[in-house]
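This chain uses plain numbering: 1 for the first residue, then up along the sequence.
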Amino acid sequence: NFRETGRGIVGAMFRVNYKHGDLLDITISIDFCGAYPSTFEHYFTFDTRTGDLLHARDLFLEDQLDGLVDVLDDYLQRNISLVALYYRDELGEDLDQRFTEEDLEGFTVTIDGVLFRHEFGFPHAAEALEPDGEIFLGFEELEGFIDPEGPLGDPETETD
């Protein structure tokens, strides 16, 4: 399609972020060229025993999810405040966002912890002004949130 129209998918790749025991975390990146070049990333964490896609509720204690969201929202609000210092007039209500339980699904497991994402959804022309929506918490910071019976119950063990 790109050869014929000058638009469409121009490349794709995957990256293994974490592989240990029964857990496999991968990111698939797709490069697209339309009016602007863009990269779309899709994040997947699988249970390698069953092939099931894992969700935040599979990794973290159910009764601690609200507390985890609060911690992540505190980080997000700090990131927003840095941008708001300079661009509040231009961005206005676009900066009035919170980290939500739904955002917990945008995670990537690494050897050192978990990276969470909040997508601001700014238009392409304003993406450069977006606050940082990526928040990394190390396994030590996640202690008390991780389900000890879940796939992240023993992150200290050597990876494959």
Residue pair Phe120, His118: steps toward the ring pair (Phe, Tyr, Trp, His ring centres under 6.0 Å) verdict: CA-CA 6 Å; Phe120 281 90; His118 172 80; 4.6 Å; yes
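- Residues Leu23 and Tyr18 meet the side-chain proximity criterion, which asks for heavy atoms closer than 4.5 Å.
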Derivation and outcome, side-chain contact (heavy atoms from CB on, under 4.5 Å), residues Leu115 and Ile135: CA-CA 6 Å; Leu115 178 67; Ile135 303 159; 5.8 Å; no
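- When all heavy atoms are compared, the tightest approach of Gly133 to Leu76 is CA-CD1, 4.1 Å.
- Using a 4.5 Å heavy-atom cutoff, the side chains of Arg57 and Leu65 are in contact.
- A distance-only check finds a donor-acceptor pair linking the side chain of Glu130 to the backbone of Phe122 [under 3.5 Å].
- Glu41 has no carboxylate O lying under 4.0 Å from a charged side-chain N of Arg117, or vice versa, which leaves the two without a salt bridge.
- Side-chain contact between Phe136 and Asp112: present, with at least one pair of heavy atoms (C-beta onward) separated by less than 4.5 Å.
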Taking distance alone, no hydrogens or angles, what donor-acceptor pairs closer than 3.5 Å link side-chain atoms of residues 66-75 to residues at least two apart or in another chain?
| unit_1 | atom_1 | unit_2 | atom_2 | d |
| --- | --- | --- | --- | --- |
| Asp73 | OD1 | Gln77 | NE2 | 3.0 |
| Asp73 | OD1 | Phe99 | N | 2.8 |
| Asp73 | OD2 | Arg98 | NE | 3.1 |
| Asp73 | OD2 | Arg98 | NH2 | 2.5 |
| Tyr75 | OH | Glu141 | OE2 | 3.0 |

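- Residues Tyr36 and Phe32 are members of separate hydrophobic clusters, defined by side-chain heavy-atom contacts under 4.5 angstrom among Ile, Leu, Val, Met, Phe, Trp and Tyr.
- When side chains are defined from C-beta on, Ser29 counts as touching Met13, because their heavy atoms get closer than 4.5 Å.
- Shortest non-hydrogen contact noted between Pro148 and Leu61 is CD-CD2, 3.9 Å.
- A distance of 6.5 Å separates CG in Leu82 from CG in Asn79, rounded to the nearest 0.5 Å.
- The only option from Asp52, Ile26, Asp25 that meets the side-chain contact (heavy atoms from CB on, under 4.5 Å) definition with Phe46 turns out to be Ile26.
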Candidate pair Arg88 and Glu93, rule salt bridge (Lys or Arg N to Asp or Glu O under 4.0 Å), full reasoning: CA-CA 8 Å; Arg88 173 56 83 182; Glu93 291 179 6; over 6 Å; no
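- Taken from CG in Leu142 to CD in Gln64, the straight-line distance is 11.5 Å, to the nearest 0.5 Å.
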Full working for side chain to side chain donor-acceptor pair (under 3.5 Å) between Thr110 and Asn17: CA-CA 5 Å; Thr110 73; Asn17 304 307; over 6 Å; no
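- Atoms CG and OG1, from Leu53 and Thr45 in turn, are 7.0 Å apart once rounded to the nearest 0.5 Å.
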Stepwise side-chain contact (heavy atoms from CB on, under 4.5 Å) test for Tyr43 and Phe107: CA-CA 7 Å; Tyr43 314 100; Phe107 68 86; over 6 Å; no
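- Atom OG1 of Thr39 is separated from atom CD1 of Ile30 by 10.0 Å, given to the nearest 0.5 angstrom.
- Annotation: side chain of Asp94 is not in contact with side chain of Leu129 (no heavy-atom distance under 4.5 Å).
- Closest approach of Leu95 and Pro131 over heavy atoms only: CD2-CG, 3.7 Å.
- With sequence neighbours excluded, no residue forms a side chain to side chain contact (heavy atoms under 4.5 Å, CB included) with Ser81.
- Nearest heavy atom pair, residue Glu149 against residue Asp147, reads N-OD1, 2.9 Å.
- Note that the CG atom of Asp31 and the OG atom of Ser38 stand 9.0 Å from one another [nearest 0.5 Å].
- Each of Leu59, Asp22, Leu152 was checked for a side-chain contact (heavy atoms from CB on, under 4.5 Å) with Leu54, and the lone residue meeting it is Leu59.
- In this structure, CD1 in Ile28 is found 11.0 Å from CZ in Arg15, a value given to the nearest 0.5 Å.
- The shortest heavy-atom contact between Asp58 and Pro151 is O-CD, 3.3 Å.
- Between Phe60 and Phe116, the ring-plane angle classifies as tilted under the 30° and 60° cut-offs.
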